[in-house]
Amino acid sequence: MKSVRPEPPPAHHAIRAAIAAIPQGRVANYGEIARRAGLPGRARLVGTVLREAPSALGLPWYRVLRADGRIAFPPGSKAFREQVRHLAGEGVLVRGGRVDLAVHGWERDVDHLLWGPPAQTGKRKSARAES
DNA sequence: CTATTGACAATTG
DNA sequence: CCAATTGCCAATA
């Protein structure tokens, strides 16, 4: 007979795979994951799936951040601290509960790849003096 | 069945 | 920077 446990819908599986595909030391936002999973615009679905996803799967949930690179949990929360700790262990620096997507973003802008990664520490508005 | 919610995103003021 | 608004759609009540 059918398993008592409801099988995970394809959408959930795709989302999990997308999350598991995030390289170590990098972070991705919900919209990005949804797009990778073939579900453009379903960023909230990613959150729902992650929430329901059992930790036994070993999904790098801590590599998933908001579109602005901010932690998806309220600051000071337990999950928040744990996420920050995990990211720190991966080599990702978190400042003010926020991560520089321009530095650790998974699919950051192509321009940065061509011009080289910007400095992460002391990132001020450096004037670009290229001609 | 309808209403509300949500680990979101983007825009506007 | 913050607040409010709209779009999105599955899961839950």
Side-chain angles (χ1 to χ4, degrees):
Chain A
M1 51 270 236
K2 262 181 122 230
S3 54
V4 290
R5 136 196 344 174
E7 315 158 353
H12 289 209
H13 188 271
I15 290 174
R16 292 179 186 170
I19 294 170
I22 304 175
Q24 181 181 35
R26 290 233 175 116
V27 295
N29 53 63
Y30 290 87
E32 204 60 48
I33 296 297
R35 191 164 55 133
R36 284 259 183 187
L39 302 165
R42 311 311 181 246
R44 302 187 96 148
L45 237 299
V46 178
T48 304
V49 171
L50 261 177
R51 188 164 88 129
E52 286 292 298
S55 48
L57 295 176
L59 286 177
W61 60 271
Y62 48 87
R63 292 182 192 150
V64 185
L65 309 173
R66 285 198 180 183
D68 287 344
R70 282 212 292 202
I71 307 269
F73 298 104
S77 166
K78 184 177 176 190
F80 180 94
R81 275 175 313 204
E82 189 153 337
Q83 182 161 17
V84 172
R85 191 175 50 176
H86 275 292
L87 289 174
E90 303 271 309
V92 179
L93 298 180
V94 184
R95 240 193 349 186
R98 190 157 160 186
V99 176
D100 290 354
L101 291 178
V103 177
H104 290 103
W106 189 12
E107 299 203 309
R108 53 201 189 186
D109 277 0
V110 183
D111 293 343
H112 292 170
L113 290 173
L114 295 174
W115 285 96
Q120 53 189 27
T121 55
K123 162 176 100 102
R124 34 194 99 85
K125 40 196 152 158
S126 317
R128 49 197 61 292
E130 84 287 353
S131 89

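Hydrogens, waters and symmetry mates are skipped; everything else that's a heavy atom, side chains included, is used. The shown structure was predicted, so the numbers you read here are calculated from the model rather than taken from an experiment. Per chain, numbering begins at 1; letters A, B, ... match sequence-line order.
When side chains are defined from C-beta on, A/Leu45 does not count as touching A/Leu39, because their heavy atoms never get closer than 4.5 Å. Side-chain atoms of A/Ile15 and A/Ile33, non-hydrogen and from C-beta on, do get closer than 4.5 Å to each other.
Under 4.0 angstrom from either OP1 or OP2 of C/dA11 there lies at least one side-chain N or O belonging to A/His12.
Note on residues 76-87 of chain A: no pairs pass side-chain hydrogen bond (donor to acceptor under 3.5 Å, both in side chains), not counting sequence neighbours. Listed by first then second residue, pairs satisfying side-chain hydrogen bond (donor to acceptor under 3.5 Å, both in side chains) with a partner in residues 42-51 of chain A number zero, not counting sequence neighbours.
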In the 5'-to-3' direction, what one-character label does each nucleotide of nucleotides 7-13 of chain B receive under the scheme B = base within less than 4.0 Å of a protein heavy atom, S = sugar-phosphate only, - = no such atom?
BBSS---
Is there a side-chain contact (heavy atoms from CB on, under 4.5 Å) between A/Val27 and A/Leu101 once you walk through the steps?
CA-CA 7 Å; A/Val27 295; A/Leu101 291 178; 3.7 Å; yes
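For A/Arg36, the side-chain hydrogen bond (donor to acceptor under 3.5 Å, both in side chains) test picks out A/Glu107, with sequence neighbours left out.
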Atom pairs, protein N/O to nucleotides 1-6 of chain C N/O, distance under 3.5 Å:
none

Output side-chain donor-acceptor pairs under 3.5 Å for residues 58-66 of chain A, partner residues at least two apart or in another chain, one line each.
{"unit_1": "A/Arg63", "atom_1": "NE", "unit_2": "A/Glu90", "atom_2": "OE1", "d": "3.4"}
{"unit_1": "A/Arg63", "atom_1": "NH1", "unit_2": "A/Ile22", "atom_2": "O", "d": "2.8"}
{"unit_1": "A/Arg63", "atom_1": "NH2", "unit_2": "A/Glu90", "atom_2": "OE1", "d": "2.8"}

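Counting all heavy atoms, side chain and backbone alike, A/Val92 lies closest to A/Arg26 at CG2-N, 4.4 Å.
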